[in-house]
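Here the structure is laid out as structure tokens; the discussion comes afterwards.
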Amino acid sequence: MQSMDTIDQIAVTRETAEENGSAPVVAVEDLHKSYGSQKVLNGISLTVTRGETLAVLGRSGTGKSVLLRLIIGLEKPDSGSVRIHGQDITGMPLDEIGDIRKKMGFLFQQGALYDSLTIEQNVAFPLRHHKKTMSKSDQDERVSALLAEVGMAGQSEKMPSDISGGMRKRVGLARALVLEPDILLLDEPTAGLDPISAAEIDELVLKLQAEHHMASIVVTHDLHSAKTIADRLALLNEGNVVIVGSFQDLQESDIEFVGEFLRHS
Amino acid sequence: MIDRKLSTVASMAPPPVGLWILFESSGVNSAKDVLNEFFEWFGDLGIFFWRVVRAAASPPFEFRELFRQLDEIGSKSLPLVALAGGAIGVVLSLQSRQSLTRFGAKSLLPAAIVFSIIHEIGPIITALVVAGRVGAGIGAELASMKVTEQVDAIEASAVNPYRLLAAPRILACILMLPLLTLAADLCGLVMGWVAQALVEPLSLHQFITSGFKGTGFTDFLPPTFKTAVFGLIIGLIACFQGMRTEGGAAGVGRAATSSVVLSSLLLIMADVVLVKIIIIFFP
């Protein structure tokens, strides 16, 4: 059995390794997930280090969004592990996984804003629940700063139903960042947006990534967006990772599916 | 965590036997399947209830949300419940008068109205009205949140959705049902007296003295407080049906309908058991 000193030492060593990018912040290993007889993920393994953005690409229905839901613990895998800062979350009870989730921000595909709350209340929601020692004025200040950062200053009193899809994604992004997470998960951040709004979201993600230096995983089928914001790209097909690498690696790959995917994107 | 696997299975699960109209839409055919789905539904409900109890019993407590729900479920149901109670009082007075006159027992009319309303009609009418209004509201609201990923967003923000969404609604139903029952009882009695006084002059004092003669707290408290169980049933079923919904707008509609139908059915069944228990313990 390891002593407390040894455990602390391991934690410090891991933290240092994560800081300098040598240890993965998110590590997914041999992940399997099925719904009934339909296999969605078939042994996926991926890692993301601090400051890195990984784009997960693939056709519709290949389990990209499921992968994100497994990483944040909204669903449990059939087998395999999801390690966040070295801790396996797959068997964790709800209360324990809460502490891990505070270090993660999640942007849902449609924004998933709470429709009974204003824009400001939506962004403040995680703060109100987890930063109770923080004064109300400090919380309000933080929310205003984030709304300004995502280009939504002056819109704080509007309801989610009063704003466009692109704006909802911006607000969702502000809410995902409000607890200053180490890990950012983005589910189709540009889906359903016009090319200009999509480019704005890409720029925003790049800017936030540069400022906050998080480990990010972006699920998308938009190759242009992935090429713009990601350091590495992972291409999924039929529940498996076909290739992981830079955009250039994908271009130079002689795997038939990779070439087909690039040709049709 | 809203277990997706459980939710997927549950979304296909029909409500208990008797609701054949809902079975048909689920595509379930054999009696064995029906039986399996029936027990699965109760199993899932038990797991859901346990998760809510665990979440509600541990801090942080969502008092603000609880007060909001007390207002939503209590104050906003009051006019409807009062109206239903009053109408039942009038109907009971008119119907009982005819029957009792036929048997020469017209003088027992105030007592008949008081006993009927306090013992059974007030509680059950209140519960059914609340099941219709609140059950549908909770079912549709939570279902809508579920299909638009708002419930997932709450969970992803490290907030327990059972604690934030289900526990305050269920607790508010439990607390407000006895109070709403008192309001329905009061309106029923007053309107029962009005209906009688319009036919034959009778003062309110005489009506109350005659009606409450021989009654004690044991006649009044158990039937009123049994509605807390009705509140539990309404809140639990509506939250359960809402939070396991899948399938977009159609799913939201199904959740609202099944919340009302199932909670009404279950609370009537529970009433049978509770009345028997009350008779045993308060003869």
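Here is the naming used below: chain letters follow the sequence lines, and residue numbers restart at 1 for every chain. Quick caveat, the model's predicted, so the values are computed rather than measured.
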Do you see a donor-acceptor pair shorter than 3.5 Å between the side chains of N42(A) and E238(A)?
-> no
Chain B contact via L113(A) - which portion, at a heavy-atom distance below 4.5 Å = backbone
Per-residue tally against chain B (heavy atom, under 4.5 Å) across F106(A), F125(A), F108(A) peaks at F108(A)
So, do F48(B) and Y162(B) have ring centers that fall under 6.0 Å from each other?
-> yes
Of the backbone (N, CA, C, O) and the side chain (C-beta and beyond), which part of E141(B) lies under 4.5 Å from a heavy atom of chain A, both, or neither?
-> neither
Bottom line for D99(A): the part with an atom under 4.5 Å from chain B's heavy atoms is neither
State plainly whether the residues R169(B) and E72(B) are in salt-bridge range, i.e. N to O under 4.0 Å.
-> no
Residues D140(A) and R128(A) bridged, charged N to O under 4.0 Å | yes
Where does I154(B) contact chain A at under 4.5 Å (heavy atoms): side chain, backbone, both or neither?
-> both
More than 12 heavy atoms of other groups within 6.0 Å of K102(A) NZ = yes
